[in-house]
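Okay, so here's the structure we're looking at.
Scope of the values below: all heavy atoms of this structure, side chains included, with no hydrogens, waters or symmetry mates. In what follows, chains are A, B, ... by sequence order, proteins preceding strands, each numbered from 1.
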2 protein chains.
Amino acid sequence: MASALYKHINKFINLNKDEQEVLAPFLQPLSVKKKGFLLEGGQTCRANYFVVKGCLRLYFIDIKGAEQTTQFAIENWWITDLTSFLFQEHSEFYIQAAEPTDVIAIGNNQYEEMFHQLPKLERYFRLILQKNHQASQRRIKFLYSQTAEERYRNFNRLFPEFVQRVPQYMLASYLGFTPEFLSKIRAKK
Amino acid sequence: MASALYKHINKFINLNKDEQEVLAPFLQPLSVKKKGFLLEGGQTCRANYFVVKGCLRLYFIDIKGAEQTTQFAIENWWITDLTSFLFQEHSEFYIQAAEPTDVIAIGNNQYEEMFHQLPKLERYFRLILQKNHQASQRRIKFLYSQTAEERYRNFNRLFPEFVQRVPQYMLASYLGFTPEFLSKIRAKK
DNA sequence: ATCATTTCTTAAACTACATTAAGTTTTTTC
DNA sequence: GAAAAAACTTAATGTAGTTTAAGAAATGAT
């Protein structure tokens, strides 16, 4: 299972067999069944998760009791509540499998030691975090410039296959509106 | 001027005098006067900017012609349109000084070479990007869970000194509503 | 296959915030 | 320090999206 991660890392840096072996003990493969949790509100986030296969979502429960999905992660994406993960503070987020999902986890207690033993990975994670930052800048721009309907139509056009993979209520909250409103949009045409 | 950056870097990693001298030629100090631009829509973003003193904002012009501020950077923050900077694509963003501002710029053409000569900086930038990612996760959560009024009151409570530094119309767009609505909120109490 | 649960839809009433437009105050410029 | 420009306020009207509630359809469990 770790080979998916090695493959991904090698898109960004060159990690040879020996180095892969150094990395191996830091990696913990896990499977989560659909609707299973890797993190639940109130707990501390114990790992950074790389999705090998499947789909995870990050959400929190708002003041009205509604689930707000703030992030999805499919194959080859990392996901965590970074503040909770880094500082071992308790989290208000849930990380839940939207499909049966295989992940590789890197635990908080081993995260810094991993960089110590494999300084090369600083670069890999810098590049990953840059991609994240690009995605955030794009997302904020979309949120600030488009109506709910435009956001849905755009997302649907850009990621039609993904829209099929998750229930509409998750998508609605990710796009920043209610499931009822999504139904309304869809009915329109 | 570069000493502010060295000082910041040394909060995260240990950069000795020799290494500072290696870094120096990559750094370009610049001053921008209030309302001056480091990037204008349509141009390509040529640098990543570290704010030594002052305040910059990143904004774009939406379809209705209104300025939407998506990010501020004050002392010790980095700011850029990352996609445009990394891939030298033309940007839809503006980077403008909200106050007379001193920055240190690292040009795109030297960015990778800098990491090549000083691999230590991979770690510094990874840590900076992690902080960015934490800030993004927090921001998305706020945007998804609070009303406009709550966002304003919260921001005002958390960063009262900053609220004084920028015009209200910039703040309003950063918080995701109109200047008129901000006036209304403020009048309420 | 059937029952229970989850997800999706529809529609009416409601509200948070936008828009428009005019007037006022503050800041900048020469 | 006067004139011009930029920033802020107020109020009336408009609307995109929410809320509530009930029913229909799809999915999952035994």
Whole angstroms only, please: what is the [atom1]-[atom2] distance between [X] and [N]?
X	N	atom1	atom2	result
A:D62	D:dT19	CG	C1'	13 Å
A:Y152	D:dA16	OH	C1'	18 Å
A:L182	D:dT19	CG	P	15 Å
A:E149	D:dT15	CD	C1'	13 Å
A:R151	D:dA16	CZ	P	13 Å
A:R186	C:dT7	CZ	P	15 Å
B:I185	D:dT9	CD1	P	11 Å
B:E180	D:dT9	CD	C1'	9 Å

Phosphate oxygens OP1/OP2 of [N]: is one of them under 4.0 Å from a side-chain N or O of [X]?
X	N	value
A:K35	C:dT6	no
A:S183	C:dT10	no
A:K34	D:dT27	no
A:K188	C:dT10	no
B:T178	C:dA18	yes

Is it true that the NZ or CZ of A:K131 lies under 6.0 Å from the centre of A:W78's six-membered ring and within 45 degrees of the ring axis? no

Would you check if there is a donor-acceptor pair between the side chains of A:Q117 and A:E113 at a distance under 3.5 Å? yes

Candidates [options] - which lies nearest the side chain of [X]:
X	options	answer
A:K184	C:dA21, D:dT18, C:dT7	D:dT18
A:P167	D:dA7, C:dT7, D:dA11	C:dT7
A:Q168	C:dC8, D:dT9, C:dT10	C:dC8

Nearest-nucleotide check on DNA chain D, A:G176 vs B:Y169; residue mapping nearer the 5' end is B:Y169

Using heavy atoms to find the nearest nucleotide of DNA chain D for A:A148 and B:P179 separately, return the residue whose nucleotide is more 5′. B:P179

Over all strands shown, is A:F177 touching base, sugar-phosphate only, or nothing at heavy-atom distances under 4.0 angstrom? sugar-phosphate

At under 4.0 Å between heavy atoms, what does B:T147 touch on the DNA or RNA strands: base, sugar-phosphate, or nothing? sugar-phosphate

With ring centroids as reference points, do A:F142 and A:F155 lie under 6.0 angstrom apart? no

With a 6.0 Å cut-off on ring centres, are B:F125 and B:F115 close enough? yes

Check this for me: does any side-chain nitrogen of one of A:R126 and B:E112 sit under 4.0 Å from a carboxylate oxygen of the other? yes

